[in-house]
Amino acid sequence: MTVVATWNVNSIRARLAHLTEWLAHSTPDLVGLQETKVQDHEFPVAELAALGYHCVYSGQKSYNGVAVLARQPSTPIATAIPGFADEQKRVLAVDCGELALVNLYVPNGYEVGSDKYAYKLAWLDALADWLATLLQRHPNLVVIGDFNIAPDDRDVHDPEAWRGKILCSDAERERLARLTALGLADVFRRFEQPPATFSWWDYRAAGFRRNLGLRIDLILASPGLGARAETCTIDLTPRRWDKPSDHAPVIARFGAA
DNA sequence: ATGGTGGCGCGGCCA
């Protein structure tokens, strides 16, 4: 059995105590982190090694930054989308032997029609092309991370208020559907789920207390791997802790091959 | 309420 998790920690420095507490209780085998916000020489390797995790990381100062924690050593495959020039550290792919994992921090996009939105769509276009080729080499592929896209209205606390807005626009959802068309299915939706289950809540306006959330953190799996999925849940526990990340971790459990 | 909060790093950007 393999437990895979994704968590946007919104600064690994600010959240290290939350992360170590959560790892100790959840004991996932593979974890993709986003928004680590540290340069590689500052990554807390020793603290995570003490919990039994090998770290692969690709970070920068202040913004973005991704990492993969694994109980077994893994081999880096990519730290960027091949052929897509990008200063921002948003991609980390590793080969774990039994599966390959792509950890993503998809651009937020700011506002529909903005320059950042155009960058997000171009980034997603390049991502789809890359994942199509990667799937040929790695049939057991899991693509996880902060997608900054709510797949459909069930993933939005107020679908009418959010319709056409950033994180919910048709063009963003269409880009996500391209990944689904490659065979990369949203593992969360393989299972019956409680309504109004979200993974991100704005810090402002008491969003979490009122459950004004979106489900934008996803675990996508290739067909062979998806068929082995046993559960997929969102762990609200660390979002309730003092000074939390604005995102909750998503966890998928895969049975033996 | 066109705001609100939080991280980084020390003014303003990003989410």
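The sequence lines fix the lettering, A, B, ..., with proteins before strands; numbering per chain opens at 1. Predicted model only: the values in this text are computed from it and were never measured.
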- Distance between C1' atoms of B/dG4 and B/dC14 (Å, rounded): 16 Å
Filtered N/O pairs between nucleotides 1-8 of chain B and protein, under 3.5 Å:
residue : atom : partner  : partner atom : Å
B/dG4   : O6   : A/Arg204 : NH1          : 3.1
B/dG7   : OP1  : A/Arg15  : NH1          : 3.2
B/dG7   : OP1  : A/Arg15  : NH2          : 3.4
B/dG7   : O3'  : A/Ser11  : OG           : 3.2
B/dC8   : OP1  : A/Ser11  : OG           : 2.4
B/dC8   : O3'  : A/Ser62  : OG           : 3.2

- For A/Arg210, report the nucleic acid contact type (base, sugar-phosphate, nothing); a contact means any heavy atom under 4.0 Å. nothing
- Message: Once rounded to the nearest 0.5 Å, what's the spacing between atom CG of A/Leu184 and atom CD1 of A/Ile144?
- Response: 12.5 Å
- Figure out the CD/C1' separation between A/Gln39 and B/dG9, and round it to whole Å. 13 Å
- Separation of B/dC13 C1' from A/Asn64 CG (nearest whole Å): 12 Å
- Query: Which value, in whole Å, describes the distance between the C1' atoms of nucleotides B/dG3 and B/dA15?
  - Reply: 16 Å
- Separation of atom OH in A/Tyr119 from atom C1' in B/dA15, rounded to whole Å: 14 Å
- Answer yes if the ring centres of A/Trp22 and A/Trp7 are under 6.0 angstrom apart, and no otherwise. yes
- Query: Quick one: do A/Leu99 and A/Val250 end up in the same hydrophobic cluster if we chain Ile, Leu, Val, Met, Phe, Trp and Tyr together by side-chain heavy atoms under 4.5 Å apart?
  - Reply: yes
- More than 12 heavy atoms of other residues, nucleotides or ligands under 6.0 Å from CG of A/Asp115: is that the case? no
- Task: Identify whether any heavy atom of A/Tyr105 sits under 4.0 Å from a base atom; if not, whether one sits that close to sugar-phosphate; answer base, sugar-phosphate or nothing.
- Result: sugar-phosphate
- Message: In terms of relative ring orientation, are A/His247 and A/Trp200 parallel, tilted or perpendicular, with 30° and 60° separating the classes?
- Response: tilted
- Message: Quick check: is A/Leu141 connected to A/Leu127 through a chain of hydrophobic side chains (ILVMFWY, heavy atoms under 4.5 Å apart)?
- Response: yes
- Query: B/dC14 P sits how many Å from A/Lys120 NZ, rounded?
  - Reply: 15 Å
- Task: Using the P atom on both, measure B/dC13 against B/dG9 and round to a whole Å.
- Result: 16 Å
